[in-house]
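One structure below.
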There are 2 protein chains.
Amino acid sequence: MIEYSSQPHYLVAVDCIVFGFDGAHLKILLVKRGLEPEINKWSLMGGFVGSNESPDDAANRVLKKMTGLEGVYLEQMQIYGEPNRDPIERTLSVGYFALIDIHKYENQLNDDYEAEWFLINERPKLIFDHDQMVADARKKLRYKASLHPILFEMLPKQFTLPQLQNLFEEVNDTKIDTRNFSRKITSTGLLIKLEEKDRSSSKKGAFYFKLDKKKYKADFQAFLNLIPNLKN
Amino acid sequence: MIEYSSQPHYLVAVDCIVFGFDGAHLKILLVKRGLEPEINKWSLMGGFVGSNESPDDAANRVLKKMTGLEGVYLEQMQIYGEPNRDPIERTLSVGYFALIDIHKYENQLNDDYEAEWFLINERPKLIFDHDQMVADARKKLRYKASLHPILFEMLPKQFTLPQLQNLFEEVNDTKIDTRNFSRKITSTGLLIKLEEKDRSSSKKGAFYFKLDKKKYKADFQAFLNLIPNLKN
DNA sequence: ATTATTAATTGTCAAAATGACATTTAATAA
DNA sequence: TTATTAAATGTCATTTTGACAATTAATAAT
């Protein structure tokens with residue numbers, strides 16, 4: 001008979017891949033690790049799951065502690081549980097990816113932790129299996145974003161169509177035809193055009209849009225299809 | 001400074017939602033639990049993660065032990081980690097869903113475990129949060145199956161179009177127009193029509209098909225779109 | 001004042017995919 | 001020979017898609 005008492009116990013952690021977008025490029029937020037082993041090396045934001053919290057709770061706690069942000073978009077990805085992934089002691093880690101508005105973060109920076117944004121393709125090597133986690137998170141982000149409008153979570157309240165398209169192109173690592181993108185994104189009914197223009201990027205300026213939050217919540221589970229299937 | 005040694009340790013388990021299809025209805029495989037608490041109550045197939053295996057390894061081991069089957073389709077779903085989900089001791093469980101060909105199983109039944117197939121809608125109440133796991137697994141199955149051809153994993157080597165359509169209808173809890181379904185599924189190129197007919201369900205008989213495995217593997221990650229968006 | 005420059009914005013058309021819909025066919029039973 | 005039953009298949013109008021380039025709005029330069 002199997003009994004609980006004879007079974008091995010493990011540490012359980014969470015690690016968060018935090019994505020942001022600066023208007024042109026996809027970025028990832030990394031921290032200098034504060035404990036041994038591999039202290040002071042770059043790593044994902046993480047921490048152990050406490051006695052009175054679920055892994056989801058723990059991920060939210062870690063994010064709040066290190067970025068000051070609450071209520072960020074957070075999605076469970078998968079568990080990383082190879083027996084020897086942590087050299088000190090067996091630790092299973094639940095991987096999450098988070099999407100945050102990079103501008104909100106800047107105001108709430110917690111300086112106790114050395115955190116820094118890196119361009120997704122120019123990030124330093126990370127500890128343990130964190131590079132694998134980042135690769136998995138990118139894949140999952142791409143997958144999810146091709147079906148649901150999650151990328152808006154990384155945009156400020158006002159954004160332009162060129163910015164939005166940039167973001168889709170970055171995430172999917174592809175170029176999208178401007179006319180077709182505009183048509184598709186408009187037909188979702190998710191965008192509300194504003195009076196104001198962003199003049200910072202061109203003489204003509206690009207109109208700002210905001211998200212129709214009601215429509216966003218209602219349609220979140222509906223499949224969109226924002227990434228074209230290129231034939232040529 | 002946070003140190004490993006001061007952190008709490010937990011039991012880590014896996015639980016598998018095993019789906020099957022009898023040609024007409026979606027089924028789920030349950031076992032009578034073999035340890036306290038809740039001994040002899042119906043539950044999902046599960047077990048603790050051992051010292052030298054990953055959670056994926058553990059899920060495969062449990063499935064093999066209880067069904068005799070190896071290499072079944074197994075997908076990590078999510079982690080269940082509410083602090084009090086297990087009344088004896090804190091246990092985190094990684095939920096998996098498995099898709100198996102119900103006919104293969106029948107040949108390999110391991111009688112040491114009291115396992116039984118239940119119609120998905122006529123299953124007994126399960127222990128702990130296992131009912132929630134089943135609900136989540138159904139949702140995930142539906143989601144994934146609407147995009148990728150995973151349902152073939154539940155069919156025998158030879159199957160008929162009506163059977164295939166039944167399966168899609170069961171999983172999506174909807175009725176599909178025969179002509180449109182046939183057109184779509186044919187256009188995927190995934191099916192190879194055989195000479196033989198299944199005469200068990202009608203006078204006319206229905207042609208058997210088999211899966212084009214090469215095409216299946218190649219197209220697995222490509223998005224299909226097999227479930228229609230009904231307008232009326 | 002006119003022109004040049006630059007990025008934003010918008011339109012067309014042919015092809016493909018979709019959804020709605022009913023009849024014909026193959027086999028056995030009566 | 002006819003009745004019965006489930007399987008298989010076709011049409012058409014609408015919508016969606018992908019490929020493609022010209023126009024517009026604003027500032028900078030002359």
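Numbered from 1 within each chain, the chains take letters A, B, ... in sequence-line order.
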[options]: which one has an atom nearest the side-chain heavy atoms of [X]?
{"X": "A:Lys203", "options": "D:dA25, C:dT18, C:dT5", "value": "C:dT5"}
{"X": "B:Ala206", "options": "D:dA7, C:dA27, D:dT9", "value": "D:dA7"}
{"X": "B:Asn225", "options": "D:dC20, C:dT18, C:dA7", "value": "C:dT18"}
{"X": "A:Asn180", "options": "D:dA8, C:dG11, C:dG19", "value": "C:dG11"}
{"X": "B:Ser182", "options": "C:dT9, D:dT9, D:dG18", "value": "D:dT9"}
{"X": "B:Lys184", "options": "D:dT9, D:dA6, C:dT18", "value": "C:dT18"}

d([atom1], [X]; [atom2], [N]) in whole Å:
{"X": "A:Phe181", "N": "C:dA8", "atom1": "CZ", "atom2": "C1'", "value": "14 Å"}
{"X": "A:Tyr208", "N": "C:dA8", "atom1": "OH", "atom2": "C1'", "value": "14 Å"}
{"X": "B:Asp198", "N": "C:dA26", "atom1": "CG", "atom2": "P", "value": "18 Å"}
{"X": "A:Asp177", "N": "C:dT9", "atom1": "CG", "atom2": "P", "value": "15 Å"}
{"X": "B:Phe209", "N": "D:dT9", "atom1": "CZ", "atom2": "C1'", "value": "12 Å"}
{"X": "B:Leu164", "N": "D:dA6", "atom1": "CG", "atom2": "P", "value": "19 Å"}
{"X": "B:Asn166", "N": "D:dA6", "atom1": "CG", "atom2": "C1'", "value": "12 Å"}
{"X": "A:Arg179", "N": "D:dT23", "atom1": "CZ", "atom2": "P", "value": "13 Å"}

Residue pair A:Asn172 / A:Arg142: nearest heavy atoms and the distance that separates them: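 Heavy-atom minimum between the residues: OD1-CG, 3.4 Å.
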
Smallest separation among heavy atoms of B:Glu114 and B:Trp42, with atom names: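 Smallest interatomic distance, heavy atoms only, reads O-CZ3, 3.8 Å.
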
Option from B:Asp101, B:Leu190, B:Leu99 for which side chain to side chain contact (heavy atoms under 4.5 Å, CB included) with B:Phe152 holds: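 Among B:Asp101, B:Leu190, B:Leu99, the one that satisfies the side chain to side chain contact (heavy atoms under 4.5 Å, CB included) with B:Phe152 is B:Leu190.
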
Looking for any heavy atom pair under 4.0 Å, which part of the strands does [X] touch: base, sugar-phosphate only, or nothing?
{"X": "A:Thr160", "result": "nothing"}
{"X": "B:Ser201", "result": "sugar-phosphate"}
{"X": "B:Arg199", "result": "sugar-phosphate"}

Non-hydrogen side-chain atoms of A:Ile100 and A:Leu63 separated by less than 4.5 Å: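 Answer no - side chains too far apart.
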
Quiz item: cation-pi between B:Lys193 and B:Phe207, 6.0 Å / 45°: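 Yes, a cation-pi geometry holds between B:Lys193 and B:Phe207.
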
C:dA30: pairing nucleotide in any strand, Watson-Crick or G-U under 3.5 angstrom: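 Pairing partner: D:dT1.
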
Check: B:Lys204 side chain, D:dA7 base, donor-acceptor under 3.5 Å: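 When only heavy-atom distances are counted, B:Lys204 does reach the base of D:dA7 through a donor-acceptor pair under 3.5 Å.
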
C:dG19 base / B:Arg183 side chain donor-acceptor hit below 3.5 Å: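 Counting by modelled atom types and ignoring angles, a donor-acceptor contact under 3.5 Å is found here.
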
Distance test, side-chain N/O of A:Lys193 to OP1/OP2 of C:dT9, below 4.0 Å: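 Answer is no, no contact under 4.0 Å.
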
Residues A:Asp212 and A:Lys214 bridged, charged N to O under 4.0 Å: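 So A:Asp212 does not pair with A:Lys214 through a salt bridge.
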
